Amino acid sequence: MLLEAIKHRSVNPYVYGKNENEISIMIETSRNDMKTVELLFGDPYDFPKDKWKYTTKQLIKTGESKLKDYWKLTIPPKYRRLRYGFRCIDQDNQEVIVTEKGYHDEMPDDIQSYFCFPYLHKTDIFQAPEWVKDTVWYQIFPERFANGDSSTNPDKVLPWGSTSPKQDNFFGGDFKGIINHLDYLQKLGISGLYLCPIFKAHSNHKYDTIDYMEIDPQFGDKETFRELVKQCHQRGIRVMLDAVFNHSGFYFEPFQDVLAKGEKSQYKDWFHIWDFPVQTNPLPNYDAFGFVSNMPKLNTENPDVKDYLLEVARYWIEEFDIDGWRLDVANEIDHDFWRDFRRVVKAVKSDTYILGEVWHDSMPWLQGDQFDAVMNYPFTTSVIDFFAKDEISTSQFANQITDLLHMYPDTVNETAFNLLDSHDTARILTLANEEKERIRLLYVFHFSFIGTPCIYYGDEIGMSGGEEPSCRACMEWDESKQYQELFQFIQQLIKMRTEITAFGNQSTFRFLQIDDQEKAIVYEKQKNHQKVVFVLNNHKNAKTIAVETLNGKDVKECFSGQRRTFDAKATVKLAPFGFACFQIL
């Protein structure tokens, strides 16, 4: 028994309030070390006849990765408080009692030895908007989606799609262009629109804000934006804006004032300036995004900066009824700012979605007091490396996904923003070496995974492009150049995600079979009593996969709708990069 591999603390994600009445508990043990794990739990004040009254219940193994087994259980403590420990029984039937004070041969008499969940407070529960869990997002880079109003074109605008995208060229994408294609998005099945920055800025990407209270003139005016939001809402589409609060643009008025007046500027403390005079070349003598001198970092601990940015957050919700904020470079801003940001935003519109851009372990931001979700780049990396690039084995992929699912509470996973690519990365088709069969397989996993999926504009019709700026090409509206079969396939996946309960988001996920040699995975989604089993072949050759969980089962094939009964030894035939999905009847 590897005692040192047993891991639990009374903190997220090991224990948390799942809702107002239930507490979820998780413990990690060494891979294949334990036969069973039991939870020993009771009220910390329940001592009839001077002996602690406790209950025993077996935990469920919810996943296994290269080094770990994960065990979980959700219980409803009668008085919303808990003391608890674990009885771990290994493969040789040896037992150990695990408490906060260590490892024991017998249960300790002292109640203080046990792990403690003092009280289940409603305000401490992670609560994200319910609507997000069923949302399918579509990310638009506004300058490159559609030019619907030539009167707002910037100077030196180029004919749509006439040349490759560059760091400094413009094609005139605008709000009117988006409005003109909302029927297209509705037809695809989109229910959430994520817009890259729309505020007045110097660049084509708009991440160098000049004025946070004004829309960039090339996109239109505030009335046109109001109309865009209104028409989206009429179609059941939510709207999320991109906020760049970590840094401003070079031409942001307070920064220009600092450049002009130096130490005498009333705004000198709005930024992290090391010394005066201010220097921009060859490197800035102030904190910036990376070392980019035209993106000076804002001092969000400064009360005036904080008040200004919080007013920005409030204004666009109050005035235009937006539904969410995506927060750029969110991990480089202080946590105190984000706590105030959440209070302000939720006070205006309680179900506003707050999404942070964090590329690493994000638990500090996901305690319920800051963000509702982060952009799930660990998910992105794993699915690209396995499905698109074929750079990791099947077991490596399963290990990474299993560890990721157990990195956060289930309530957090349900609102994770899952993306395959974005304006910051190469497009998924390019990453898959233009192999369209791989893309279809990848999308099956994407839309059947836990979380809220996002499509980067144009991916649904087979647009390709390398690293930025080539991933920011003009949307292809010529249907003869679109991959219509992929559009229809994604359309079908979105419909299945909506109509088949266990296919969608709020269901459990677990790998059933992993085969490195055959490059096959079998996984199960379950919600209530409905089970859906997925069989994926990530191999260039056709495969026949034995699927034990389908032995003798009556099923409905989700893609075709056909019913069948498997033999006592079920096998599934799959084409190269093929897939199947079965709802167990």
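This is a predicted model, so every value here is computed, not measured.
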Novice: Can a donor-acceptor pair be found, under 3.5 Å and without considering hydrogens, that links the side chain of Asp340 to the backbone of Asp307?
Specialist: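 A pair under 3.5 Å: no.
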Novice: Show, in sequence, the C-alpha distance, side-chain angles and deciding distance for Phe387 and Phe397, and conclude whether the ring-ring contact (aromatic ring centres under 6.0 Å, His included) test is met.
Specialist: CA-CA 9 Å; Phe387 291 108; Phe397 171 70; 5.3 Å; yes
Novice: Hey, what do you get for CG (Asn302) to NZ (Lys268), rounding to the nearest 0.5 Å?
Specialist: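 So the gap between those two atoms works out to 10.0 Å.
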Novice: Just by modelled atom types, is the Gly451 backbone N or O under 3.5 Å from a matching donor or acceptor in the Asn505 side chain?
Specialist: yes
Novice: Taking the six-membered ring for Trp and the single ring otherwise, decide whether the centroids of Phe145 and Trp477 are under 6.0 Å apart.
Specialist: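 Ring-ring flag for Phe145/Trp477: true, centres closer than 6.0 Å.
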Novice: Taking C-beta and beyond as the side chain, do Asp183 and Arg235 meet within less than 4.5 Å on heavy atoms?
Specialist: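 Answer yes - side chains close enough.
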Novice: Under the 3.5 angstrom rule, does the side chain of Trp160 hit a backbone N or O of Met475 as a donor-acceptor pair?
Specialist: yes
Novice: Could you tell me which residues satisfy salt bridge (Lys or Arg N to Asp or Glu O under 4.0 Å) with Glu20, sequence neighbours excluded, listed by chain and number?
Specialist: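 With sequence neighbours excluded, Glu20 shows a salt bridge (Lys or Arg N to Asp or Glu O under 4.0 Å) to Lys122, given in chain and number order.
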Novice: Are the aromatic rings of Trp365 and His360 close, with centres under 6.0 Å apart?
Specialist: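 Yes, ring centres under 6.0 Å apart.
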Novice: With rounding to the nearest 0.5 Å, note down the distance linking CG in Asp421 to CD1 in Ile455.
Specialist: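 Going from CG on Asp421 over to CD1 on Ile455, the span is 10.0 Å.
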Novice: With respect to Lys346, which candidate in Asp372, Asp351, Thr352 satisfies the side chain to side chain donor-acceptor pair (under 3.5 Å) definition?
Specialist: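 Answer to the side chain to side chain donor-acceptor pair (under 3.5 Å) test with Lys346 among Asp372, Asp351, Thr352: Asp372.
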Novice: Check the pair Lys176, Asp149 against salt bridge (Lys or Arg N to Asp or Glu O under 4.0 Å), reporting the backbone distance first and the verdict last.
Specialist: CA-CA 6 Å; Lys176 185 63 175 174; Asp149 184 358; over 6 Å; no
Novice: Test your reading of the model: is there a side-chain donor-acceptor pair from Asp208 to the backbone of Met295, 3.5 Å cut-off?
Specialist: no
Novice: Centres of the Phe379 and Phe449 rings: under 6.0 Å?
Specialist: yes
Novice: Determine, using ring centers only, whether Tyr286 and Phe255 are less than 6.0 Å apart.
Specialist: yes
Novice: Under the salt bridge (Lys or Arg N to Asp or Glu O under 4.0 Å) criterion, do Lys200 and Glu214 qualify, and how do the steps go?
Specialist: CA-CA 6 Å; Lys200 188 176 181 181; Glu214 293 297 331; over 6 Å; no
Novice: Could you go step by step and tell me if Glu318 and Lys349 meet the salt bridge (Lys or Arg N to Asp or Glu O under 4.0 Å) rule?
Specialist: CA-CA 8 Å; Glu318 284 182 339; Lys349 191 174 183 179; over 6 Å; no
Novice: Report the distance from atom NE2 of His233 to atom CG of Leu228, rounding to the nearest 0.5 Å.
Specialist: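 Going from the NE2 atom of His233 to the CG atom of Leu228 covers 9.0 Å.
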Novice: Could you check, using the six-membered ring where one of them is a Trp, whether Phe445 and Phe534 have ring centers closer than 6.0 angstrom?
Specialist: no
Novice: Looking at every heavy atom in both Phe371 and Leu366, which two are closest together, and how far apart are they?
Specialist: O-CD2, 3.8 Å
Novice: Considering non-hydrogen atoms only, spot the tightest contact between Met463 and Cys474 and give its length.
Specialist: CE-O, 3.3 Å
Novice: Nearest heavy-atom pair of Asp321 and Val229: which atoms, and what distance?
Specialist: O-CG1, 3.9 Å
Novice: Can you name the closest pair of heavy atoms from Gly172 and Val157 and give their distance?
Specialist: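 Result for this residue pair: N-CG2, 3.6 Å.
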Novice: So which heavy atom on Val244 is nearest to which on Thr209, and how close?
Specialist: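 Scanning both residues completely, I find the closest heavy atoms to be CB-OG1, 4.2 Å.
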Novice: Using side chain to side chain donor-acceptor pair (under 3.5 Å), reason through Thr123 and His121 one step at a time and then give a plain yes or no.
Specialist: CA-CA 5 Å; Thr123 55; His121 290 280; 5.2 Å; no
Novice: Given Asp336, which of Lys306, Glu301, Gln370 fulfils the side-chain contact (heavy atoms from CB on, under 4.5 Å) condition?
Specialist: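 Testing Asp336 for a side-chain contact (heavy atoms from CB on, under 4.5 Å) against Lys306, Glu301, Gln370 leaves exactly one candidate, Lys306.
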Novice: Test Asp323 against Trp131 for side chain to side chain contact (heavy atoms under 4.5 Å, CB included), laying out the working first.
Specialist: CA-CA 10 Å; Asp323 305 287; Trp131 60 264; 4.1 Å; yes
Novice: Considering only heavy atoms from C-beta outward, does the side chain of Leu419 approach that of Met375 to under 4.5 Å?
Specialist: yes
Novice: Is the CD atom of Glu311 crowded by more than 12 outside heavy atoms at less than 6.0 Å?
Specialist: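 It does: Glu311 CD has more than 12 such atoms within range.
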Novice: Should we count NZ of Lys222 as having more than 12 external heavy atoms under 6.0 Å?
Specialist: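 Enclosed: over 12 neighbouring heavy atoms sit under 6.0 Å from NZ of Lys222.
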Novice: By the definition side-chain contact (heavy atoms from CB on, under 4.5 Å), identify the one residue from Val239, Ile140, Asp242 that meets it with Tyr194.
Specialist: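 Going through the options one by one, the only one that passes is Asp242.
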Novice: Applying side chain to side chain donor-acceptor pair (under 3.5 Å), run through Glu143 and Gln218 and close with a yes or a no.
Specialist: CA-CA 8 Å; Glu143 219 284 317; Gln218 87 156 90; 3.1 Å; yes
Novice: Any donor and acceptor pair, going by atom type alone, linking the side chain of Thr402 with main-chain N or O of Asn399 inside 3.5 Å?
Specialist: no
Novice: Any sub-3.5 Å donor-acceptor pair from Tyr443's side-chain atoms to Glu460's backbone N or O?
Specialist: no
Novice: Drop me the distance from Lys527's NZ to Phe503's CZ, to the nearest 0.5 angstrom.
Specialist: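 Interatomic distance, Lys527 NZ to Phe503 CZ, rounded to 0.5 Å: 14.5 Å.
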Novice: Drop me the distance from Arg472's CZ to Phe141's CZ, to the nearest 0.5 angstrom.
Specialist: 4.5 Å
Novice: Can a side-chain donor-acceptor contact be found between Gln231 and Glu227 if the only test is distance below 3.5 angstrom?
Specialist: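 Result is yes, a qualifying pair exists.
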Novice: Any non-hydrogen side-chain atom of Lys436 less than 4.5 Å from a side-chain atom of Leu486?
Specialist: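 With C-beta onward as the side chain, the pair stays apart.
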Novice: Parallel, tilted or perpendicular: which describes the rings of Phe225 and Trp316, with under 30° parallel and over 60° perpendicular?
Specialist: perpendicular
Novice: Working to the nearest 0.5 angstrom, can you tell me the gap between Asn299 CG and Ile333 CD1?
Specialist: 11.0 Å
Novice: Would you tell me whether Asp221 and Thr224 have side-chain atoms, one donor and one acceptor, within less than 3.5 Å of each other?
Specialist: yes
Novice: For Asn294 and Phe250, indicate whether the former's side chain and the latter's backbone hold a donor-acceptor pair under 3.5 Å.
Specialist: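 Checking the backbone N and O of Phe250 against the side chain of Asn294, no donor-acceptor pair under 3.5 Å is found.
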Novice: Would you say the ring centroid of Tyr138 lies under 6.0 angstrom from that of His181?
Specialist: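 No, the ring centres sit 6.0 Å or more apart.
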Novice: Check whether any side-chain N or O of Lys481 sits under 3.5 Å from a backbone N or O of Glu476 as a donor-acceptor pair, and report yes or no.
Specialist: no
Novice: When you measure from the side chain of Thr135 to the backbone N and O of Ser191, does any donor-acceptor pair fall under 3.5 Å?
Specialist: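 Answer holds: no.
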Novice: Taking salt bridge (Lys or Arg N to Asp or Glu O under 4.0 Å) as the test, write out the residues that go with Asp211, two or more places apart.
Specialist: none
Novice: I would like to know whether Arg440 and Glu437 meet salt bridge (Lys or Arg N to Asp or Glu O under 4.0 Å); could you show each step before the answer?
Specialist: CA-CA 5 Å; Arg440 287 164 61 89; Glu437 294 81 6; over 6 Å; no
Novice: Answer with yes or no after comparing the ring centroid distance for Phe489 and Tyr483 against a 6.0 Å cut-off, counting only values under it.
Specialist: no
Novice: Locate the shortest heavy-atom distance separating Ile494 from Leu188; write the atom from each residue and the value.
Specialist: CD1-O, 3.4 Å
Novice: Under a 3.5 Å threshold, yes or no: a donor from one side chain and an acceptor from the other, between Trp338 and Asp369?
Specialist: no
Novice: Going by distance alone, is a donor N or O of one side chain under 3.5 Å from an acceptor N or O of the other, for Gln266 and Asp257?
Specialist: no
Novice: Are the side chain of Asp334 and the backbone N or O of Phe337 linked by a donor-acceptor pair below 3.5 Å?
Specialist: yes
Novice: Tell me whether the NZ or CZ atom of Arg427 lies within the 45° cone about the ring axis of Tyr457 and under 6.0 Å from its centre.
Specialist: yes
